[in-house]
Amino acid sequence: MLSVIPIVPFLIVYFAGIGLRHDKRKTMMMAMDITTLFLLLSVSGLFNIIFDSSFGFFLILLIVLISAGLIGGAQNRLKGGVDGKRLLRAVWRLSFFFLGVGYVLFMVVGLIQYISQAM
């Protein structure tokens with residue numbers, strides 16, 4: 001269920017973190033980091049169902065690796081070197097945003113596809 005509805009792990013981690021840490025910013029970032037894994041699995045599954053393929057996970061992984069290369073290249077040009085920790089954090093948090101958008105988009109497309117097939 002956690003990978004089908006990725007907002008559930010986000011809410012669980014966020015409210016548990018607020019109860020334990022009392023630091024909303026760090027708790028929000030931790031909830032985003034954990035939810036990204038669930039979004040990755042969920043969006044790749046939705047992609048596979050909508051497009052009737054088995055390439056969804058690998059396509060998302062390829063896009064994440066390409067974005068890591070682009071961000072790393074920009075970081076190298078601007079600062080003269082690549083900070084791996086900052087690069088990984090930036091790619092992971094951008095993945096959260098884009099996978100969240102992809103999840104909503106694929107859910108809407110999937111529901112429309114399901115309803116149109118049922119009629």
Side-chain angles (χ1 to χ4, degrees):
M1 176 169 141
L2 295 178
S3 63
V4 175
I5 307 171
I7 190 73
V8 172
F10 180 84
L11 294 174
I12 290 170
V13 171
Y14 182 74
F15 288 120
I18 290 294
L20 297 174
R21 286 185 130 180
H22 304 293
D23 186 4
K24 289 185 179 184
R25 185 179 185 280
K26 286 184 180 181
T27 301
M28 176 71 82
M29 295 302 167
M30 184 174 61
M32 287 171 54
D33 291 343
I34 292 171
T35 305
T36 302
L37 178 64
F38 291 104
L39 280 169
L40 177 69
L41 298 172
S42 181
V43 171
S44 65
L46 286 170
F47 181 89
N48 290 342
I49 290 170
I50 290 172
F51 295 107
D52 194 29
S53 76
S54 61
F55 189 65
F57 178 76
F58 300 110
L59 178 64
I60 293 171
L61 187 61
L62 178 66
I63 292 170
V64 167
L65 289 173
I66 289 171
S67 65
L70 291 172
I71 293 172
Q75 194 179 57
N76 189 32
R77 277 193 306 277
L78 292 174
K79 300 194 182 213
V82 177
D83 183 6
K85 186 176 179 180
R86 290 187 72 193
L87 174 66
L88 182 63
R89 190 179 318 133
V91 170
W92 198 247
R93 301 248 167 94
L94 280 173
S95 297
F96 173 80
F97 174 73
F98 287 113
L99 288 171
V101 171
Y103 178 77
V104 171
L105 179 69
F106 286 157
M107 275 302 262
V108 170
V109 169
L111 285 172
I112 291 171
Q113 197 176 50
Y114 178 77
I115 291 170
S116 68
Q117 287 176 356
M119 293 182 138

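On a predicted model such as this, the values are computed, not experimentally measured, just so you know.
By the criterion of side-chain heavy atoms lying less than 4.5 angstrom apart, applied directly or through intervening Ile, Leu, Val, Met, Phe, Trp or Tyr residues, Val109 is grouped together with Tyr103 in one hydrophobic cluster. Using a 4.5 Å cut-off between side-chain heavy atoms of Ile, Leu, Val, Met, Phe, Trp and Tyr, with links allowed through other members, Leu37 and Met29 fall into different hydrophobic clusters. Clustering ILVMFWY residues whenever any of their side-chain heavy atoms sit less than 4.5 angstrom apart, transitively, puts Ile5 in the very cluster that holds Leu46. If you chain together hydrophobic residues whose side chains sit under 4.5 Å apart, Ile60 and Leu87 fall into the same group. Linking Ile, Leu, Val, Met, Phe, Trp and Tyr whenever their side-chain heavy atoms come within less than 4.5 Å leaves Leu88 and Val82 in two separate clusters.
Rounding to the nearest 0.5 angstrom, the gap separating the CG atom in Asp52 from the CZ atom in Phe47 is 11.0 Å. The CE atom of Met30 lies 10.5 Å from the NZ atom of Lys26; values are rounded to the nearest 0.5 Å. Atom OG1 of Thr27 and atom CZ of Phe15 lie 11.0 Å apart (nearest 0.5 Å). With rounding to the nearest 0.5 Å, the separation of OG in Ser54 from CG in Leu59 is 11.5 Å. Distance check: Phe55 CZ to Leu62 CG gives 6.5 Å after rounding to the nearest 0.5 Å. To the nearest 0.5 angstrom, Asp23 atom CG is 11.5 Å from Met28 atom CE.
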If you apply the rule side chain to side chain contact (heavy atoms under 4.5 Å, CB included), what do you find for Val64 with Trp92, and how did you get there?
CA-CA 8 Å; Val64 167; Trp92 198 247; 5.9 Å; no
Asp33 vs Arg93, test: side chain to side chain contact (heavy atoms under 4.5 Å, CB included). Steps then yes/no.
CA-CA 7 Å; Asp33 291 343; Arg93 301 248 167 94; 3.0 Å; yes
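In terms of modelled atom types and a separation under 3.5 Å, the side chain of Asn76 and the main chain of Gly72 share no donor-acceptor contact. At distances below 3.5 Å, not a single donor-acceptor pair connects side-chain atoms of Thr35 with backbone N or O atoms of Met32. Formation of a donor-acceptor pair under 3.5 Å by the Ser42 side chain with backbone atoms of Phe38 is not found in this model.
Across Val13 and Ala31, no two heavy atoms sit closer than the pair CG1-CA, 3.6 Å.
When side chains are defined from C-beta on, Thr36 counts as touching Leu99, because their heavy atoms get closer than 4.5 Å.
Between Phe106 and Phe51, the two ring planes are perpendicular [angle over 60°; tilted spans 30° to 60°].
For CZ of Arg86, the number of neighbouring non-hydrogen atoms (other residues, nucleotides, ligands) closer than 6.0 Å is 12 at most.
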